[in-house]
Amino acid sequence: GGDCDRITEVLVQPVVTVTEMAALDAEALQSTTHAELVDRAGAAVAEAAIRLLGDPRDRNVVVIAGGGSNGADGRVASQILAERGAVLDIVSPTAGPGELTGADLVIDAAFGTGLSRDVAGPSAPAGAVVLAVDLPSGLDGDTGARRGSPMRADVTVTMAALKPGLLLGAGPALSGDIEIADIGIVVRGATRFFVVDDDLASIPARSREAHKWSAAVVVVAGSPGMEGAASLASLGALRSGAGMVRLCSPRSEGAPAVSWPLEIVRQEVDPDALVEAVTGGSSRSKAIVVGPGLGRSPELRHAIREILASRNAPVVLDADGLAAVDGPADLATLVAASDHAVILTPHAGELERLLGSPEEASGDDRVAVLQRLAESSGAIVLSKGPTTVVVEPEGTVYFVTAGTPALATAGTGDVLSGIIGALLARGVAPGEAAALAAHVHGRAGSRCRGTLIASDLPALVGDVLGEWRHGG
């Protein structure tokens, strides 16, 4: 896309809402004409079509062209393809299936980002490749909700910047490969970002003067029977560059001996002494991870809440840590007790419980739900899913699609919490730490060649970060 006047110095790929895109279009029209923008967009679509078709001569191309700018882009593309020898047919969005029969390529230019109603378009004939202009027609540009029956695209050429709907809901399944066309619209003031590999270069390398306490993390986790969660979170932090991991676990008489990672410093602590052990004057930790396999006894619930309220470093609140909070208002009180950031990492069920409303948690506009929670509570919210969404209280949003279904296995979320803790300890700003950690986590999961189990992940995380020269 175009240049990005960012509010963050880190993430480089802006995502703009439908309303923001309309404003950017209007701004661009102060220095260029609508016809010029359409010509550039149509040329970008034609170039993508030729990449899909190869030599377009004598290939059958059907353009579904609506009445707005989206349709105009498709018509310009059709002229370019016709000049290159393609056999073109332009049909309306209400075309019957017979009008698409025999197409080698269907260009979906029926409706763009301005769609505000459900539509029922034709289906692509068997064997045809589908190229969508800006969005698959019938996909909500902000939420990824289906507005009718969108045609699945093999490739989507979107103008100037990504739209949230391409990354959320049905968007990834309907959009295929996404190409961003630079048509001369300058993207300014974006508050939403798509995390890409290049963003990992922003993670600070260790200085020559670094020592083990420079990026120390304390992990509060691991009740009897759940020691694995504590180990996974601790290893996630170590492999992500934490120089020291101190694991505070609740004391339990008669618990079986467990083989803990050799590199961690472990303390068994009575629940009533946990707060002092974690946040007391002797603590030199730069980040606190609370919750993996910790337990839900009344004593531990009280300790979790006290750790939050007296925190002297950013806190990652996960799993049993989230269960100690009674909703947004309660969370807001605990967050307001200290200036250090709190990052929540709920999966869908935990988010529903936190909000107290299944309907709200499962609404079409997932980002709006998370923004309300972040704004009302003051916490950063990382919502796990096929597309992970991170929302800051001030409104900045990050989208992460690096994940893989292989990560849908027990313990992987514990590793993610450890990665976030380590990036916080290394000095990455809290919202960015959550987003970059989710990206690293996803990339690591994608490297597993067999069936992934959570204990595979920490070493793979180390590999991903090491390739970006952050491991040493």
Side-chain angles (χ1 to χ4, degrees), residues 18 34-35 37-141 144-159 163 165-166 169-179 181 183:
V18 170
H34 181 261
L37 292 178
V38 168
D39 283 346
R40 293 172 193 162
V45 172
E47 288 172 14
I50 291 167
R51 284 195 295 274
L52 284 169
L53 285 174
D55 187 345
R57 280 179 295 182
D58 300 324
R59 305 299 296 276
N60 293 317
V61 178
V62 178
V63 179
I64 307 171
S69 295
N70 203 250
D73 298 344
R75 290 184 179 90
V76 169
S78 73
Q79 293 166 3
I80 295 170
L81 292 170
E83 290 166 4
R84 295 285 298 269
V87 179
L88 262 297
D89 194 8
I90 299 177
V91 303
S92 79
T94 58
E99 296 182 65
L100 275 63
T101 302
D104 296 309
L105 173 69
V106 176
I107 297 178
D108 173 8
F111 304 102
T113 56
L115 184 69
S116 57
R117 58 187 172 84
D118 286 2
V119 294
S123 299
V129 178
V130 178
L131 173 60
V133 179
D134 224 19
L135 294 167
S137 294
L139 180 71
D140 187 290
R146 296 172 184 265
R147 305 298 303 266
S149 52
M151 185 185 298
R152 187 197 173 281
D154 295 283
V155 172
T156 297
V157 177
T158 198
M159 306 308 159
K163 315 305 181 296
L166 295 169
L174 291 172
S175 304
D177 295 330
I178 299 170
E179 300 178 7
I183 60 171

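- Taking Asp177 as the reference, Val155 meet the side chain to side chain contact (heavy atoms under 4.5 Å, CB included) condition, with sequence neighbours excluded.
- Side-chain N or O atoms of Thr101 include one that pairs as donor or acceptor with a backbone N or O of Gly98 at under 3.5 Å.
- Residues Pro125 and Val106 meet the side-chain proximity criterion, which asks for heavy atoms closer than 4.5 Å.
- Scanning for side chain to side chain donor-acceptor pair (under 3.5 Å) contacts around Arg146 gives an empty result, with sequence neighbours left out.
- Distance check, rounded to the nearest 0.5 Å: CD1 of Ile107 to CG of Leu131 gives 5.5 Å.
- When every heavy atom of Ser69 is checked against every heavy atom of His34, the shortest pair comes out as OG-NE2, 2.9 Å.
- Between Ala103 and Val62, the closest heavy-atom pair is CB-CG2, 3.7 Å.
- By the 4.5 Å heavy-atom criterion applied to side chains, Leu53 and Val61 are counted as neighbours.
- Using a 4.5 Å heavy-atom cutoff, the side chains of Leu81 and Ile50 are in contact.
- Judged purely by atom type and a 3.5 angstrom limit, Asn70 uses its side chain to pair as donor or acceptor with the backbone of Val133.
- Proximity of Arg152 to Ser175: side-chain heavy atoms (C-beta onward) are nowhere separated by under 4.5 Å.
- Residues passing the side chain to side chain donor-acceptor pair (under 3.5 Å) test with Arg51, sequence neighbours excluded: Glu179.
- Under the rule for a side chain to side chain donor-acceptor pair (under 3.5 Å), the partners of Asp55 that lie at least two apart in sequence or sit in another chain are Arg57.
- Taking the side chain as every heavy atom from C-beta outward, Asp134 and Val157 never approach each other to under 4.5 Å.
- Among all heavy-atom pairs drawn from Leu166 and Pro136, the shortest one is CD2-CD, 4.2 Å.
- Every residue meeting the side chain to side chain contact (heavy atoms under 4.5 Å, CB included) condition with Ala41, not counting sequence neighbours, appears here in chain and number order: Asp73, Met159, Ile183.
- The shortest side-chain heavy-atom distance between Pro150 and Asp108 does not fall under the 4.5 Å cut-off.
- For Arg59, the salt bridge (charged side-chain N to carboxylate O under 4.0 Å, His left out) criterion is met by Asp104, not counting sequence neighbours.
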Atom pairs and distances, side-chain donor-acceptor, residues 84-97, under 3.5 Å, sequence neighbours left out:
residue, atom, partner, partner atom, Å
Ser92, OG, Thr94, N, 3.2
Ser92, OG, Thr94, OG1, 2.9

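- Each side-chain hydrogen bond (donor to acceptor under 3.5 Å, both in side chains) pair with one or both residues in residues 74-83, not counting sequence neighbours, would appear here, but there are none.
- When the side chain to side chain contact (heavy atoms under 4.5 Å, CB included) test is applied to Val119, the partners found at least two apart in sequence or on another chain are Phe111, Leu115, Arg117.
- A heavy-atom distance below 4.5 Å is found between the side chains of Ile64 and Pro122.
- With a 4.5 Å cut-off on side-chain heavy atoms, Lys163 and Thr158 count as touching.
- For Ser123, the side chain to side chain donor-acceptor pair (under 3.5 Å) criterion is met by no residue, not counting sequence neighbours.
- Residues that satisfy the side chain to side chain contact (heavy atoms under 4.5 Å, CB included) test with Val129, not counting sequence neighbours, are Leu52, Leu105, Asp154.
- Nearest heavy atoms, Ala170 versus Leu139: C-CD1, 4.2 Å.
- Not a single salt bridge (charged side-chain N to carboxylate O under 4.0 Å, His left out) links Asp39 to another residue, sequence neighbours left out.
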